[in-house]
Amino acid sequence: LVRGRLPGARDWTHQYADAGNTGSSDDERVRGTPDVLWYGEPGPDKMQERHSRSEAPLALNGRMFVQGVRAQSKTPLLLSFDAYNGVPYWEREMPGAERLYINGDCGNLACSTQGLFVVTGEKCHRLDLLTGKTIATYAAAASDNGRKKRWAYLAVEGDTLIGSASSAYHFSDTIFAYDLVSGRIKWRYDGSVIRNSTLAIQGNKVFFVEHRGQTNTPVVLDLKAWAVKNAAAKRRAAAIKEDHDEEADDTDDNASPPPVKPVPEPYIRTVTALDLATGKQAWARDVDLAGCGVWAGDWVKGLCLIAKRDVVLLCGIYNAYGRVKGDEARRRAQALSAKDGAPLWNRAIGNFVRPVVTGNMIIGRPRAFDLLTGEPAMRAGSKDAPVAWSISSGGACGLMSASAGMLFYRLGTTIMMDVATGGTLLAFAGVRPGCLINIIPAGGVIVQVEASSGCTCYHALQATVVFVPKASE
């Protein structure tokens, strides 16, 4: 007996929900106050350590697909279970099937009715959705001299599998597409330096940002290199403060104001659109991306591209954890027409984290804006007078996820909010969301896959918890 798909239910098939990187499933059933449906496995013993920031779980037709790891052997795992009752379907070890510290990078999982696609090193494996067994394997496009390259970006649209060949951490230099029917590469695009986090697909076009003419790929600090640099910076700051304090003792009490951070310098990059079917350039436009996130830096920050409803949105990836950074008011987003690259709008949005786009609404935290116009989103205030939509800018290192009617993120514990009003529907104490995305609204339910493994905080419960909107609502 098969019930069939729930009306209004949607899937979560890529790292940021869909191939357009929206961060929202647009599931219409996930609305209103949620109740716990079930909780249990998978637990922390099969999950990556929370600071690793691994790939988001995927959801398709009521089945969950999750990356994990064997706690003792550290061998990567892939798991599938039923979203509605937790029944496990399959589990298999798959060395190399993990993508960690991907804040400013791209994921290595995607799914469709064609299968579950998993990248390991230079290859992409197509797995049977029901059994987890390998159906086919595809190789990343090699360089001109035949040298093999690591497979970076991954997406699937219809009968087309899209990938990119990595040139360095966070960057690629080639985009290619496989025909899933024939199993052959049907086109490739050899670029210069392409930022992985800007690759997106929508409306039969592949979008990305590249630095044409750049010959050397930028160096992005991974976690270890970033930690060393950060520790050195803190030591220098402490030494400067100590010298300043000693000098201040010999001066008057008129303290000088803190230095003002400079306005972001212009940097020009090319936003490119390819035809999904042929790989031919549909259009390209040089854009000044000042304030829209950094091109290169460290593993946390970056530039991202979101494509939805014929709009290409360019904005920054940030981390809300810790103190205010001081540049929030100058953080911008700009929108281009997906049809021809024509500018639509460009404005400061002050986002503390990577935005999500649900419906026509860009939520950057703390504020929200209209995708089509860039105008601030409004909500009903006291006496029904409209006021600017806003929520808390705080939180932690996790990112947001959304459905058509709800927003999910970490503010100490699990927070579920109403998109229309910005009001809190549920603050679920005792459970800690992960450091990236692990709350998946899909299939008419909200699946919070365990992602607190290794946490030493006061959160008591480490389990997968699934919520469903109350029947009365």
Side-chain angles (χ1 to χ4, degrees), residues 16 21-24 53 103-104 170 195 197-198 209 220-221 226 229-230 233-234 237 256-267 269 287-306 313-335 345-358 361-371 373-379 387-402 407-412 415 417 419 422 424 433 435-437:
Y16 296 107
N21 299 333
T22 64
S24 173
R53 295 170 173 84
N103 299 54
H170 286 197
R195 176 92 196 194
S197 54
T198 66
V209 181
V220 175
L221 299 181
W226 174 82
K229 181 180 179 181
N230 195 44
K234 288 182 177 179
S256 59
V260 177
K261 292 190 176 183
V263 175
E265 295 183 1
Y267 75 93
R269 298 294 183 268
V287 178
D288 182 359
L289 295 171
C292 295
V294 297
W295 182 246
D298 60 51
W299 64 282
V300 175
K301 297 177 290 187
L303 167 72
C304 72
L305 185 153
I306 299 171
L313 181 70
L314 299 152
C315 51
I317 302 168
Y318 306 102
N319 189 346
Y321 185 77
R323 296 179 180 178
V324 173
K325 309 303 185 293
D327 67 337
E328 286 82 359
R330 294 190 294 275
R331 294 175 182 175
R332 306 185 68 81
Q334 55 181 300
W345 54 266
N346 182 342
R347 65 167 300 148
I349 65 170
N351 54 311
F352 276 55
V353 294
R354 183 192 187 280
V356 299
V357 180
T358 175
M361 192 175 184
I362 305 166
I363 302 176
R365 213 166 81 217
R367 300 176 65 193
F369 301 84
D370 186 272
L371 174 65
T373 66
E375 292 300 313
M378 309 297 287
R379 63 174 178 82
V387 297
W389 192 99
S390 67
I391 58 175
S392 171
S393 60
C397 48
L399 298 183
M400 300 180 292
S401 57
L407 180 70
F408 311 89
Y409 66 100
R410 174 178 157 201
L411 187 58
I415 298 295
M417 309 192 78
V419 166
T424 300
C435 292
L436 201 67
I437 296 174

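Only this structure's heavy atoms are used, side chains among them; waters, hydrogens and symmetry mates stay out. These numbers were taken from a predicted model, which means no experiment stands behind them.
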With side chains defined as the heavy atoms from C-beta onward, is the minimum distance between [X] and [Y] less than 4.5 Å?
X	Y	result
D288	R269	no
L289	L303	yes
L407	M400	yes
W345	L313	yes
I415	R410	no

On a heavy-atom basis, which atom in [X] and which in [Y] lie closest, and how many Å separate them?
X	Y	value
P376	R347	CD-NH1, 3.5 Å
A333	I349	CB-CD1, 3.7 Å
A290	P266	CB-CA, 3.8 Å
F352	P366	CD1-CD, 3.7 Å
C292	Q334	SG-NE2, 3.8 Å
G422	I391	O-CG2, 3.7 Å

Using side-chain contact (heavy atoms from CB on, under 4.5 Å) as the criterion, list what pairs up with [X], not counting sequence neighbours.
X	value
S390	none
S24	T22, D26, T358, A402
L305	T198, A200, F207, V209, V271, A307, V312, L314
V294	K301

(message) Side chains of R365 and N351: any donor to acceptor distance under 3.5 Å?
(response) no
(request) From the options I363, N21, I306, select the one residue that forms a side-chain contact (heavy atoms from CB on, under 4.5 Å) with V357. (result) I306
(request) With rounding to the nearest 0.5 Å, note down the distance linking OG in S392 to OH in Y409. (result) 5.0 Å
(message) Let's go through R379 and V387 carefully: what are the C-alpha distance in whole Å and the side-chain angles of both, what is the deciding distance for side-chain contact (heavy atoms from CB on, under 4.5 Å) to 0.1 Å, and is it a yes or a no?
(response) CA-CA 6 Å; R379 63 174 178 82; V387 297; 3.8 Å; yes
(request) Identify, with sequence neighbours excluded, every residue that meets side chain to side chain donor-acceptor pair (under 3.5 Å) alongside S401. (result) none
(request) Can you sort out the partners of T373 under side chain to side chain donor-acceptor pair (under 3.5 Å), two or more places apart, ordered by chain and number? (result) D370
(message) Does R367 qualify as a cation-pi partner of W389, given the criterion of NZ or CZ under 6.0 Å from the six-membered ring centre and within 45 degrees of its axis?
(response) no
(request) Validate the cation-pi geometry between R331 and Y318: distance from NZ or CZ to the six-membered ring centre under 6.0 Å, angle to the ring axis within 45°. (result) yes
(message) Looking at N346, is its backbone amide N or carbonyl O close enough to the side chain of R332 to form a donor-acceptor pair, meaning the two atoms are under 3.5 Å apart?
(response) yes
(request) Could you give me the CA-CA distance, side-chain angles and deciding distance for L436 and N103, then say whether side-chain contact (heavy atoms from CB on, under 4.5 Å) is met? (result) CA-CA 7 Å; L436 201 67; N103 299 54; 3.9 Å; yes
(request) Walk me through it: do Y16 and L399 pass the test side-chain contact (heavy atoms from CB on, under 4.5 Å)? (result) CA-CA 10 Å; Y16 296 107; L399 298 183; 4.0 Å; yes
